[in-house]
Amino acid sequence: MTQIIDGKAVGEEVVARVKALTAELVGSGSRPPGLAVVIVGEDPASQVYVAAKSKKAKECGFHSLQHTLPAETTEAELLRIVAELNADPAINGILVQLPLPKHIDSGRVIQAIAPEKDVDGFHFINVGKLGTGELATAFVPCTPAGSMLLIERVRGKDLSGLSAVVVGRSNIVGKPMANLLLAANCTVTIAHSRTKDLPALARTADILVAAVGRPEMVRGDWVKPGATVIDVGINRIPAPEKGEGKTRLAGDVAFDEAVKVAGAITPVPGGVGPMTIAMLMANTVTSAYLAAGRKRPGF
Ligand code: GUN
């Protein structure tokens, strides 16, 4: 029987641990973890994500701050706000929601965030720590970190001898995912749009991660029998079967086909999605523990 990996349940376990750690920290006389979320412009998907992040932060007992800025905000103004949050001792995590409007250089803004408050794990310091295997002190981007926890649930922490194929080479998911798998002793291949015979390569994977943003691109015959399949995609597609003009969410994997071949697979929704927010909370409470001079809690 194929295991359907329940990201909602694992995400809730992570959030329960975050709440317990927060209560412990506050009980010992420290201030609560503080998370600042900054959004610029009116992108509807970003607004939904940001609202969910702020709500979860409050549920965890955090000090939660949201800056909602108009699309015309200048880069200088955004950099001023980041500098203010860097200097604010009540804030342990700063998240600037991407994408930013075109007139703002997102790279410059991300690199302006203090690395010790970079709970997205996008700062060069954290990217470099992950790339050199310094996982004990790095902040790891939330989606790959959450995907890794799901993989560990199925395969354990040491993935020695397993081959992993990551489809997608983004800085937010593909590259950090590959580095995490490498740190866990997988033999890792990163595939992308220029890869030759992607289906054949995918079929070599004991662990197959799809992070391309193309609905149902990974078909059932791309999956090695018994493989662990992690679907990072969240795509909204037309669903005429539900009625005219209706839509549904689809991953980057054709679930109905892949589920017949895989050993374990994440559904969409309810797989990787809930893990992303949970890991943001985990990174923020971790930052607060470090700021309070406490030992880094593990997840
Ligand atoms: N936009 C889409 N995903 C993310 C993310 O993980 N972090 C930030 N800051 N923006 C995003």
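For ligands, and for the atoms within them, numbers begin at 1 and follow the listed sequence. The basis for the numbers below is simple: all heavy atoms, side chains too, and nothing from hydrogens, waters or symmetry mates.
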Exercise. Side-chain contact, heavy-atom cut-off 4.5 Å: Asn283 with Cys142?
Worked result: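 Of all side-chain heavy-atom pairs linking Cys142 with Asn283, at least one is under 4.5 Å.
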Exercise. Under a strict 4.0 Å criterion on non-hydrogen atoms, which protein residues are in contact with ligand 1?
Worked result: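 Contacting ligand 1 under 4.0 Å are Leu95, Val96, Gln97, Leu98, Asp120, Phe122.
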Exercise. Which other residues end up in the same hydrophobic cluster as Tyr49, if Ile, Leu, Val, Met, Phe, Trp and Tyr are linked when side-chain heavy atoms come under 4.5 Å apart?
Worked result: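 Besides Tyr49, the cluster holds no residue at all.
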For this session: Would you check if the side chain of Thr228 reaches a backbone N or O of Ala264 as a donor-acceptor pair within less than 3.5 Å?
Result: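 It does not hold such a pair.
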Exercise. Does Thr266 reach the main-chain N or O of Asp231 with its side chain, forming a donor-acceptor pair under 3.5 Å?
Worked result: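 Answer holds: yes.
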Problem set entry | Residues which pass side chain to side chain donor-acceptor pair (under 3.5 Å) with Ser28, listed by chain and number, not counting sequence neighbours |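 If we apply the side chain to side chain donor-acceptor pair (under 3.5 Å) test to Ser28, skipping adjacent residues, the hits are Arg294.
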Exercise. Listed by chain and number, what are the side chain to side chain donor-acceptor pair (under 3.5 Å) partners of Asp252, not counting sequence neighbours?
Worked result: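 Asp252 satisfies side chain to side chain donor-acceptor pair (under 3.5 Å) with Asn235 once adjacent residues are dropped.
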